[in-house]
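Input: a single structure, listed below in C-alpha cells.
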Amino acid sequence: MLKEFKEFAMRGNIVDLAIGVIIGGAFNKIVSSLVNDMIMPMIGLLLGGIDFSGLSFKIGDADVKYGMFIQTVVDFLIIAFSIFLFVKVLNKLYRLKKHEEEKEAPPSLTKQEELLMEIRDLLKKQQLERE
C-alpha cells in the first residue's frame with residue numbers, strides 16, 4: 001500500500017498540481033494586495049472617497065457586508081484576467097516552439113516515395129556506369 005501511495009504521489013501530474021496550488025496561493029496573496037491596497041482605494045476616490053470594505057447594512061441583527069462582496073468580485077476578475085493572460089502567453093510560446101520544431105524536422109517520406117527515390121538512385125547509378 002505504501003508503494004502504491006508513493007507511485008500515486010510522485011506521478012508527474014500530481015506534483016505539477018501541487019506546485020500549481022502552492023504558486024496559486026502565493027499569487028492570490030499578491031492579487032489580493034493589489035486589489036485591497038491599490039485598486040479599491042483608487043476606485044473609492046473616483047467614486048467620492050468611498051471605502052468599499054466598510055460598506056454594509058443591517059437587517060435585524062445581521063450585518064450584510066456588500067462592500068466586501070464587491071471587493072471580492074473585483075479580486076476574482078483580476079485573478080481570472082491575469083490567469084487568462086498567462087495562459088495566452090504560454091500557448092503562444094508553445095505554438096512558436098512547435099512551429100520551429102516543425103520547420104527543423106524534415107518531412108517524412110511515404111513508403112512509395114522512398115521506393116521511388118531508390119529507383120531514381122539506381123537508374124542514375126546505371127546511367128553513370130554506362131558512360
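For reference, positions follow the sequence shown, starting with 1.
- Tracing side-chain contacts under 4.5 Å through hydrophobic residues (I, L, V, M, F, W, Y), one never reaches M68 starting from M38; they form parts of separate clusters.
- Applying the ring-ring contact (aromatic ring centres under 6.0 Å, His included) rule to Y94 yields no partners; only residues at least two apart in sequence or on another chain are considered.
- In this structure D37 satisfies the side-chain hydrogen bond (donor to acceptor under 3.5 Å, both in side chains) test together with S33, sequence neighbours excluded.
- Here S56 pairs with D63 under the side-chain hydrogen bond (donor to acceptor under 3.5 Å, both in side chains) rule; sequence neighbours left out.
- The hydrophobic clustering, which links ILVMFWY residues whose side-chain heavy atoms are closer than 4.5 Å, places V73 and L55 apart.
- Taking a 4.5 Å side-chain heavy-atom cut-off between Ile, Leu, Val, Met, Phe, Trp and Tyr, the cluster of L46 contains only that residue.
- Cluster partners of I119, by chain and number: L123. The rule joins Ile, Leu, Val, Met, Phe, Trp and Tyr whenever side-chain heavy atoms lie under 4.5 Å apart.
- Take R120 and apply the side chain to side chain contact (heavy atoms under 4.5 Å, CB included) test, not counting sequence neighbours, and it matches M117, K124.
- Evaluation of the side chain to side chain contact (heavy atoms under 4.5 Å, CB included) rule for L116 yields no partner, not counting sequence neighbours.
- Annotation for Q112: atom CD does not count as buried by contact number, only 12 or fewer foreign heavy atoms lying within 6.0 Å.
- The side chain to side chain contact (heavy atoms under 4.5 Å, CB included) check on V87 picks up I83, N91, with sequence neighbours excluded.
- Considering only residues two or more places apart in sequence or on other chains, F81 meets the side chain to side chain contact (heavy atoms under 4.5 Å, CB included) condition with F84, L85.
- Distance alone, capped at 3.5 Å, is enough to place a donor-acceptor pair between the E113 side chain and the T110 backbone.
- Looking at F76 and T72, their side chains never come closer than 4.5 Å, going by heavy atoms from C-beta outward.
- Through direct or indirect side-chain contacts shorter than 4.5 Å among Ile, Leu, Val, Met, Phe, Trp and Tyr, L2 is connected to no other residue.
- One finds the CD1 atom of I78 at 3.0 Å from the CD1 atom of I39 (value rounded to the nearest 0.5 Å).
- Here the NZ-NZ distance, from K65 to K58, works out to 9.5 Å after rounding to the nearest 0.5 Å.
- Through chains of ILVMFWY side-chain contacts below 4.5 Å, L90 is grouped with F86.
- Y66 is linked by a ring-ring contact (aromatic ring centres under 6.0 Å, His included) to F57, counting only residues two or more places apart in sequence or in another chain.
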